[in-house]
Amino acid sequence: MLQCVNTEDAPTGSTVTLPVSVRDLLPRDLPACTWSGSGTHLRHVERELARAAAGEVDYLAVCTAADLPVAIGGVDYRVSEGAGTLWQLAVLPALQSHGLGTLLVRAAEQRIRERGLHRAELAVEEGNPRARRLYERLGYVAYGREPDAWDEEGPDGSVRRHETMCVLMRKDL
């Protein structure tokens, strides 16, 4: 799958076209994904790649022509019966709002369909309205709320528990 992502700088009127492709995230990609989270996060992603090798999840990367990941995210097939659950979706901050998140979600939905499933689900933090607007624009509908928590690593290496409330969303494929 090869797509182009266009960025436009309104004040200068310049446009940059960036060819990208979607493929499986590989362990060798992790050093290039430090923008997506801390060392703790990347160790978690590395464990998920082992689950991908076992067929329990798909973990995707949107990559530049130089094969550098600029968006990553997973689909877990064990969370909800009959659905693929999208999680850990992230886009390189400098390239957000240029279509990469949309491309990543659509590629994840295609993977779900390829497994014969007809529903995608995800959870988005209530404090992340930008992501929620993206998912709503892509056809996801809220159906509930639930708390979630995970470990976060601080700049000093300390680990703390991040607790949040998430909106549960789904889409029929």
With Leu104 as partner, the option from Val20, Val70, Ile72, Leu89 fulfilling side chain to side chain contact (heavy atoms under 4.5 Å, CB included) is Leu89
Looking at [X], I want to see if its [atom1] is surrounded by more than 12 non-hydrogen atoms of other residues, nucleotides or ligands under 6.0 Å.
X: His118; atom1: NE2; answer: no
X: Arg161; atom1: CZ; answer: yes
X: Arg115; atom1: CZ; answer: yes
X: Glu81; atom1: CD; answer: no

Rounded to the nearest 0.5 Å, how far does [atom2] of [Y] lie from [atom1] of [X]?
X: Ser36; Y: His41; atom1: OG; atom2: NE2; result: 3.5 Å
X: Leu92; Y: Trp35; atom1: CG; atom2: CH2; result: 6.0 Å
X: Ser80; Y: Leu122; atom1: OG; atom2: CG; result: 11.5 Å
X: Leu86; Y: Met169; atom1: CG; atom2: CE; result: 11.5 Å
X: Glu136; Y: Arg133; atom1: CD; atom2: CZ; result: 9.0 Å

Are any non-hydrogen side-chain atoms of [X] and [Y] less than 4.5 angstrom apart?
X: Arg23; Y: Asp67; answer: yes
X: Leu26; Y: Asp29; answer: yes
X: Leu173; Y: Leu117; answer: no
X: Leu134; Y: Arg132; answer: no
X: Asp148; Y: Met165; answer: no

For [X] and [Y], indicate whether the former's side chain and the latter's backbone hold a donor-acceptor pair under 3.5 Å.
X: Glu153; Y: Val159; value: no
X: Lys171; Y: Glu121; value: no
X: Asn128; Y: Glu125; value: no

Answer yes when Arg160 and Asp151 have at least one side-chain N-carboxylate O distance shorter than 4.0 Å, and no when they do not. no
In one Ile/Leu/Val/Met/Phe/Trp/Tyr side-chain cluster, 4.5 Å: Trp87, Leu138: yes
Determine whether the side chains of Arg130 and Ser97 contain a donor N or O and an acceptor N or O closer than 3.5 Å. yes
Given Leu68 and Cys63, is the side chain to side chain contact (heavy atoms under 4.5 Å, CB included) satisfied, shown in steps? CA-CA 5 Å; Leu68 292 173; Cys63 297; over 6 Å; no
Before giving the answer on side chain to side chain contact (heavy atoms under 4.5 Å, CB included), spell out for His162 and Thr164 the whole-Å C-alpha distance, their side-chain angles and the decisive distance to 0.1 Å. CA-CA 7 Å; His162 175 79; Thr164 189; 3.7 Å; yes
Could you give me the CA-CA distance, side-chain angles and deciding distance for Leu168 and Glu146, then say whether side chain to side chain contact (heavy atoms under 4.5 Å, CB included) is met? CA-CA 7 Å; Leu168 304 176; Glu146 75 178 15; 3.8 Å; yes
Of the non-hydrogen atoms in Val75 and Gly84, which two are nearest, and what is the gap between them? CG1-CA, 3.8 Å
For the residue pair Ile112 and Ala120, what are the closest heavy atoms and their distance? CD1-CB, 3.7 Å
In terms of relative ring orientation, are Tyr140 and Tyr135 parallel, tilted or perpendicular, with 30° and 60° separating the classes? perpendicular
Without placing hydrogens or testing angles, list every side-chain donor-acceptor pair under 3.5 Å for residues 48-61, not counting sequence neighbours.
residue, atom, partner, partner atom, Å
Glu48, OE1, Arg51, NH1, 2.8
Arg51, NE, Glu56, OE1, 2.8
Arg51, NH1, Asp76, OD2, 2.9
Arg51, NH2, Asp76, OD1, 3.2
Arg51, NH2, Asp76, OD2, 3.2
Asp58, OD1, Arg111, NH1, 3.3
Asp58, OD2, Tyr77, OH, 2.6
Tyr59, OH, Gln88, OE1, 2.7

